[in-house]
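So the structure is just underneath, and the comments pick up after that.
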Amino acid sequence: MIDITLPDGTVNQYSEEITAGEIVDDIYGRKHGCIAASVNGEERDFSFVIADLENIGGTCSASVDGIKTDSDAGMHILRHSAAHLLAQAVMEIYPDAKPTIGPAIERGFYYDFDMEPIGESDLRTIQKKMSQLARQNLSVERVECSDEELENLFASNPYKMEIISDKVEDGSGSTIYKQGEWYDLCLGPHVASTAKLMNVKLTSISTAYWRGDQSRQQLMRIYGIVEPSKDALKETLQRIEEAKKRDHRKLGKDLQLFHIDEEVGQGLILWTPRGAAVRQELQDFILVELRRQGYYQVFTPHIGKLDLYRKSGHFPYYQDSQYPALVERDLMKKLADEDCSCGELSNLMSAGDIEGYLLKPMNCPHHIKIYDSQPRSYRNLPLRLAEFGTVYRWEQSGEISGMTRVRGFTQDDAHLFVTEEQIAKEVLGCIEIVQIIFKTLGMDDYRVRVGLRDPDSDKYVGEGEKWDKAEAACRTAALSLGVPFTEEEGEAAFYGPKIDFVVKDVIGREWQLGTVQVDYNLPERFDLTYTGPDGQPHRPVMIHRAPFGSMERFCGVLIEHFAGKFPTWLSPTQVHVITISEKHNLWAQEVISALVEAGVRVEADMSDATVGKKIRTHRKMQPNYMVILGDEEVEKKTVSLRGRNNEQVNGMPIGEFIEKLTAEIQSKDLQLTLTPKTEKQD
RNA sequence: GCCACUGUGGCAUAGCGGUAUUGCACCUCAUUGGUAAUGAGGAGGUCGUGAGUUCAAUUCUCACCAGUGGCUCCA
């Protein structure tokens, strides 16, 4: 007999043949809704025989519980099993396809196949087959296999063979999971039957490289989602639809916030007046904070000499993702006369044999030069130089997307030149600004990432000792933040580690927004010094920081965060004035003038359409308030308000309106305060 | 950069080997109307760009450009 500890702490005795599934049945009854079991905290199949636990004897015990789909672990198993079902369906339809890997991912699952290209329309066929297989209620069986057996089973699939030779230790064998005729190399666990996988939707089709390596075989990747019930699936699909409506690329167009024009160029944002208003508010907002923290504002040009970026390392490190350098006309002509090819030109530049100008990919070298323009003393440190600096990077064409990944963008950049003792305090100050921004905007769904160097890579500049110090500084700062963070190797900049604030867009892609980076290396490269209290030269440390990150990316994410419904202080147009008939236009003009005078962004509709029509039309632009003006308002010199929340307040004196509105704007309130939501009785 | 798909007036769409449909927005006229579409009329597109096939191409083929979803990359 074996002692089994149940979730409520009681201990039951079972026979040695007992499986995890039988115990879960015992605990929760037949209709338990669990899809797998947890044995001593480890995920196991229902078919797992407890006595098979290593080191368990007749007297030993284990704790067992069920795993439901209301947990991440449960959904992970469900998704992973759905990936298997997908592979089974694909193999039945395309017997020549070679399955490779098929993991669960955050919102669903995928499976990669080496196969002839298929299209979106084929997804329906595959999904149909999956439903068929699910309905057949095939039991999913775990089978232990020796090395030899594995090699026989997967001999015709080089991908599986590669996994076996890489991941399976010689002589240890591994397991396969079998459902019907189909089987796959897998450690599990899985659901006990395909019947659990009825509610699947294949969402998209794409390609990926085998093992993410561009030089290797290209595979067809099929994505899908799975839910435990029909309703849950419906809900998830609805949520995805809702999220798509917030897409900043769509809202940016509808709300006329920005424009991207083919003729201007890929990934180059044109800020239209409405979008520019949002950006300007954000910039003004942060400038106040910067002054408070003792920053100085600077301005620097959009280009700089190639040599500058050779020295900083940007040119050699990121040559492929920069716009080609600009070369002086005479030199260009001379080289052309010498039949110099583009390739040769590029080589000459790399070698440093010709000089040219680069569109700046980073602001730091320019700011470094400002630091270095005069002798610095420890008494002047920290020196904090800030600039909304526009930089240009030649991002891969396939990567460019809306405002979040572009080729020209403006960083709310600053560089702090500090002594080593000042690092901790200054980093905290930087983080504080990021937090003020997030808090003011109600963005609480972000994660913090400490990016460290990848010990196996040689892409970094500087000595290990300096890196150790810088990484320690970042870690300490992150710890003092008091929020959870992850440390990720390989996420550092080439010159130093960083603390990133990462948020997700509507389709689940993660974007780095705010960033703080500690850099011992560029000061070294540029031989920066300050005079210490001892009268000797010392090396400053640089902190690079950009709380918004890029104005483009931040605004893109912000559009999605607010679903286009900006709080009043940020709103492209705060008030739309609507007249009931032409008789009221005169008063409307007065109201508009008063609002403009008060610095309010206002638009008017004095056309002869009906009120209902005007409201309907103007709602689409999401003004915070509409002011409706008719006989009554004209007579009493008042305004009637209709908030974006569809609440109404009538007959407010114009003075009171402007006073309350400007107060709302100044407070940066996230809610409408003039037409608060009334408590509705049910 | 790689793969797949897509590209019709400002936006959203129909369509097809014989120069294009509908709605919203826009303009005009009538209407002077109180909180999610008043009525009538009108203008606007050579169907992403270029080349090819064809008597004829928006519709077929190719190249390029751009977008979308992924992969890879992201100072």
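Labels below follow one simple rule: chain letters A, B, ... track the order of the sequence lines, proteins then strands, and each chain is numbered from 1. Computed over heavy atoms, backbone and side chain alike; hydrogens, waters and symmetry mates excluded.
- Secondary-structure stems of RNA chain B, taken as three or more successive Watson-Crick or G-U wobble pairs (i with j, i+1 with j-1) under a 3.5 Å distance threshold, comprise B:1-7 with B:65-71, B:10-12 with B:22-24, B:26-30 with B:38-42, B:48-52 with B:60-64.
- A salt bridge links Asp254(A) to Lys250(A): at least one charged side-chain nitrogen sits closer than 4.0 Å to a carboxylate oxygen.
- Using atom P as the reference point in both rU8(B) and rG15(B), the two lie 13 Å apart (nearest Å).
- Looking at heavy-atom distances under 4.0 Å, Gly630(A) makes contact with a base.
- Distances were taken from every side-chain heavy atom of Glu262(A) (C-beta onward) to each of rG70(B), rU68(B), rA66(B); the shortest belongs to rA66(B).
- If you take NE2 of His584(A) and P of rG33(B), they are 8 Å apart, rounded to a whole angstrom.
- Ionic pairing of Lys466(A) and Glu524(A) is present here: one or more N-O contacts between side-chain nitrogen and carboxylate oxygen are shorter than 4.0 angstrom.
- Put simply, CG on Asp213(A) is 9 Å from P on rC73(B), counting in whole angstrom units.
- Put simply, Tyr318(A) rests on the base of rA75(B): the two rings are less than 5.5 Å apart at their centres and nearly parallel, under 30°.
- Taking atom P in both rG48(B) and rU13(B), the straight-line distance is 15 Å, to the nearest Å.
- Within 3.5 Å, a donor on the side chain of Glu633(A) pairs with an acceptor on the base of rG34(B), or the reverse.
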Heavy-atom protein contacts under 4.0 Å, nucleotides 39-44 of chain B, coded B base, S sugar-phosphate only, - none: ------
Stepwise side chain to side chain donor-acceptor pair (under 3.5 Å) test for Ser397(A) and Gln266(A): CA-CA 8 Å; Ser397(A) 61; Gln266(A) 213 185 359; 4.9 Å; no
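- The aromatic ring centroids of Tyr371(A) and His415(A) lie 6.0 Å or more from each other.
- Within 4.0 Å (heavy atoms only), Asp413(A) reaches no atom of the nucleic acid at all.
- Residues His584(A) and Glu633(A) have side chains that never bring a donor and an acceptor to within less than 3.5 angstrom of each other.
- Annotation: of the two residues near RNA chain B, Cys364(A) and Ser401(A), the 5′-most nearest-nucleotide partner is Ser401(A).
- Taking the side chain of Lys613(A) as heavy atoms from C-beta on, and the options rU35(B), rG33(B), rA25(B), the nearest nucleotide is rA25(B).
- Smallest separation of non-hydrogen atoms from Met403(A) and His248(A): N-NE2, 2.9 Å.
- For the pair Ser312(A) (side chain) and His314(A) (backbone), a donor-acceptor distance under 3.5 Å is present.
- Side-chain atoms of Gln648(A) and Thr675(A) form no donor-acceptor pair, as typed in the model, at a separation below 3.5 Å.
- Using a 4.0 Å heavy-atom cutoff across all strands shown, Thr203(A) reaches no nucleic acid atom at all.
- Distances from the side chain of Tyr209(A) to the nucleotides rC71(B), rC74(B), rC24(B) place rC71(B) closest.
- Nearest to the side chain of Arg616(A), among rA36(B), rG34(B), rU35(B), sits rA36(B).
- Summarising the geometry, the separation between CD1 on Ile222(A) and P on rG69(B) is reported as 19 Å, rounded to the nearest angstrom.
- Out of rA25(B), rA75(B), rU32(B), the shortest distance to the side chain of Ala493(A) is found at rA75(B).
- In terms of position along RNA chain B, the nucleotide closest to Ser397(A) lies nearer the 5' end than the nucleotide closest to the other residue of the pair Ser206(A) and Ser397(A).
- Base contact: Glu632(A) has a heavy atom under 4.0 Å from a base atom.
- Checking rA75(B), rU32(B), rG69(B) against the side-chain heavy atoms of Ser204(A) singles out rG69(B) as nearest.
- When heavy atoms are screened at a 4.0 angstrom cut-off, Gln266(A) is found touching the sugar-phosphate backbone but no base atom.
- The interatomic distance linking Arg407(A) (CZ) with rG67(B) (C1') rounds to 14 Å, in whole Å.
- Each of rC74(B), rC11(B), rG34(B) was ranked by its minimum atom distance to the side chain of Lys459(A); first place goes to rC74(B).
- A salt bridge links Lys498(A) with Asp500(A): the distance from a Lys NZ or Arg NE/NH1/NH2 to an Asp or Glu carboxylate oxygen falls below 4.0 Å.
- Distance CG (Asp608(A)) to C1' (rC27(B)): 12 Å, rounded to an integer number of Å.
- When rounded to the nearest whole Å, the span between CD1 of Ile615(A) and C1' of rA36(B) equals 8 Å.
- Evaluation of atom-type donor-acceptor distances gives a pair under 3.5 Å for the side chain of Arg405(A) against the base of rC73(B).
- Screening Lys620(A), Arg619(A), Lys613(A) for a side-chain contact (heavy atoms from CB on, under 4.5 Å) involving Thr617(A) leaves a single residue, Lys613(A).
- Listed nucleotides: rC65(B), rG33(B), rA75(B). Nearest to the side chain of Ser581(A): rG33(B).
- Listed pair Arg509(A) / rG69(B) meets the phosphate criterion, a side-chain N or O lying under 4.0 Å from OP1 or OP2.
- Ion pairing between a basic and an acidic side chain is recognised when a charged N comes within 4.0 Å of a carboxylate O; Arg553(A) and Glu510(A) show no such pairing.
- Between Arg393(A) and rA75(B), a side-chain N or O to OP1/OP2 separation shorter than 4.0 Å is absent.
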